[in-house]
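Working notes for the structure below.
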Amino acid sequence: PNGPVDRQIGLLRLERPDGSLIALVANYAIHGTVLGGTNRLISGDVTGIVAEYVESKTGVPMLFINGAEGNIAPRYSTRADFATSHMDEFETLLGDKILAANNSIQTTTAAVTLSIGKTFIETPRKAELGWIDELKDYSRVSSSGAQLVRIPVASLMINQDTVIWAAPVELFCEIATEVRETSPFKNTFYFGLTNGSLLYLPTKKAFAEGGYEPNVSPFTDQAEEDFTSGVVQHILGLYHR
């Protein structure tokens, strides 16, 4: 409860020329773990419940894309079933916040320019860790013999004021927050768990503390520095194109 948390909600509103709503894309960092392992019902968990609620109020589809949720659990977590989950409270806790943002958002422009980018960021691989052949494109041996993980980072620049960047990791929220605070763009959104998953990318502090996420991560405590620096350089390159 006293740890770091990213409370920013990112929202993209898609409109027709007459201003009527086509769809919403919401971006927020939260684990979908309100329900725990004893639940046997198929569910979209918190993200599905929130999307369904917003759609019922707006009458249009909403795509929920997770953010840097690597170390962010929902307020109620790993509950046994819906009866004890408090799931409906997230309609107010998160759904109403998305609706409020939708009601206040301003149209950026009628003319939209999109520009895509991609880069790989390399960082050491954890010692003694194997690597399956299906992921060979995401691993490399350096000239010094060091085993490296190659993390793909994709980006989408919308006009000159918004950038979305994405990676196939469960990123700790402090890293995405630092990137956002460093970014020259007015709006900077991180889309997590995109195009597969290379598991958790924790902070250096988290590696020192230990626990589940650092233990199962393929990275080392150098990952935070390497990844943050690489993403910032990529975003700056987009901005100065």
Side-chain angles (χ1 to χ4, degrees), residues 2-6 8 27 29-33 65-73 116-157 163-185 188-241:
N2 297 320
V5 62
D6 184 359
Q8 173 177 286
N27 176 220
I30 185 171
H31 256 85
T33 53
I65 300 182
N66 226 316
E69 44 67 77
N71 55 340
I72 299 182
I116 61 173
K118 186 174 183 179
T119 189
F120 281 89
I121 297 172
E122 296 184 341
T123 189
R125 196 168 87 200
K126 189 178 290 181
E128 308 301 325
L129 182 71
W131 204 257
I132 61 175
D133 189 59
E134 286 82 356
L135 294 177
K136 62 184 178 181
D137 292 339
Y138 307 103
S139 179
R140 186 177 73 84
V141 179
S142 70
S143 57
S144 64
Q147 300 281 349
L148 302 174
V149 182
R150 303 180 70 237
I151 309 170
V153 173
S155 58
L156 173 65
M157 185 170 65
V163 66
I164 297 167
W165 66 282
V169 292
E170 294 198 56
L171 191 65
F172 273 36
C173 68
E174 301 98 308
I175 299 174
T177 300
E178 182 175 351
V179 170
R180 187 169 69 229
E181 292 175 349
T182 307
S183 171
F185 288 89
T188 299
F189 304 138
Y190 170 68
F191 286 5
L193 294 164
T194 52
N195 301 319
S197 174
L198 294 173
L199 301 181
Y200 292 94
L201 201 160
T203 60
K204 184 173 184 178
K205 179 182 178 183
F207 274 104
E209 294 170 343
Y212 171 75
E213 293 86 355
N215 286 339
V216 301
S217 172
F219 308 107
T220 71
D221 64 1
Q222 190 177 324
E224 177 183 11
E225 180 180 351
D226 292 341
F227 190 69
T228 303
S229 175
V231 171
V232 168
Q233 289 303 310
H234 178 68
I235 289 176
L236 288 174
L238 293 173
Y239 188 76
H240 294 296
R241 272 185 183 176

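Counting only heavy atoms from C-beta outward, the side chains of Pro4 and Asn71 approach each other to under 4.5 Å. Between Trp165 and His234 there is no side-chain heavy-atom pair separated by less than 4.5 Å. Contact check for Glu69 versus Leu193: side-chain heavy atoms found under the 4.5 Å cut-off. Counting heavy atoms from C-beta on, the side chains of Asp221 and Pro214 never come closer than 4.5 Å. Within the 4.5 Å cutoff, no side-chain heavy atoms of Pro152 are placed close to those of Asn195. When side chains are defined from C-beta on, Phe227 counts as touching Leu171, because their heavy atoms get closer than 4.5 Å. Under the 4.5 Å side-chain criterion, counting only non-hydrogen atoms from C-beta, Ser155 is not in contact with Thr119.
Checked by atom type and distance alone, the side chain of Ser139 never pairs as donor or acceptor with a backbone atom of Val149 at under 3.5 Å. In terms of modelled atom types and a separation under 3.5 Å, the side chain of Thr177 and the main chain of Cys173 share a donor-acceptor contact.
Rounded to the nearest 0.5 angstrom, Ile116 CD1 and Met157 CE are separated by 11.0 Å. In this structure, OG1 on Thr220 lies 12.0 Å from CZ on Arg125, to the nearest 0.5 angstrom. Atom CG of Asp6 and atom CD1 of Ile30 lie 11.5 Å apart (nearest 0.5 Å). The CG atom of Leu135 sits 12.5 Å away from atom CZ of Arg150, with the distance rounded to the nearest 0.5 Å.
The side-chain hydrogen bond (donor to acceptor under 3.5 Å, both in side chains) test applied to Gln233 returns no partner, not counting sequence neighbours. The ring-ring contact (aromatic ring centres under 6.0 Å, His included) test applied to Phe185 returns Tyr239, not counting sequence neighbours.
In this structure, Tyr190 and Ala176 approach most closely via the heavy-atom pair CB-CB, 4.2 Å. Across all non-hydrogen atoms, the minimal contact from Tyr200 to Gly70 is CE2-O, 3.4 Å. When all heavy atoms of Gln8 and Thr188 are compared, the closest pair comes out as NE2-O, 3.8 Å. The two residues Pro168 and Gly196 make their nearest non-hydrogen contact at CB-O, 3.4 Å. Shortest non-hydrogen contact noted between Phe172 and Thr203 is CD2-N, 3.8 Å. Across all their heavy atoms, Asp137 and Phe120 have their closest contact at O-CE2, 4.4 Å.
Within 6.0 Å of atom CD1 in Ile132, more than 12 heavy atoms from other residues, nucleotides or ligands are found, so the atom counts as buried in its surroundings. Annotation: Lys126, atom NZ; neighbour count of heavy atoms from other residues, nucleotides and ligands within 6.0 Å is above 12.
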Run the side-chain hydrogen bond (donor to acceptor under 3.5 Å, both in side chains) test on Asn66 and Glu170 for me, step by step, so that the C-alpha distance in whole Å, both residues' side-chain angles and the decisive distance to 0.1 Å come before the verdict. CA-CA 10 Å; Asn66 226 316; Glu170 294 198 56; over 6 Å; no

Check the pair Thr182 / Thr228 against side chain to side chain contact (heavy atoms under 4.5 Å, CB included), numbers first and verdict last. CA-CA 10 Å; Thr182 307; Thr228 303; over 6 Å; no

Applying side chain to side chain contact (heavy atoms under 4.5 Å, CB included) to Phe219 and Glu224, what does each step give before you reach the verdict? CA-CA 9 Å; Phe219 308 107; Glu224 177 183 11; over 6 Å; no

Step by step, work out the side chain to side chain contact (heavy atoms under 4.5 Å, CB included) result for Leu199 and Ser197. CA-CA 5 Å; Leu199 301 181; Ser197 174; 4.3 Å; yes

Please evaluate residues Leu129 and Gln147 with respect to the criterion side chain to side chain contact (heavy atoms under 4.5 Å, CB included), reporting the C-alpha separation (whole Å), side-chain torsions for both, the decisive distance (0.1 Å), and the verdict. CA-CA 9 Å; Leu129 182 71; Gln147 300 281 349; over 6 Å; no

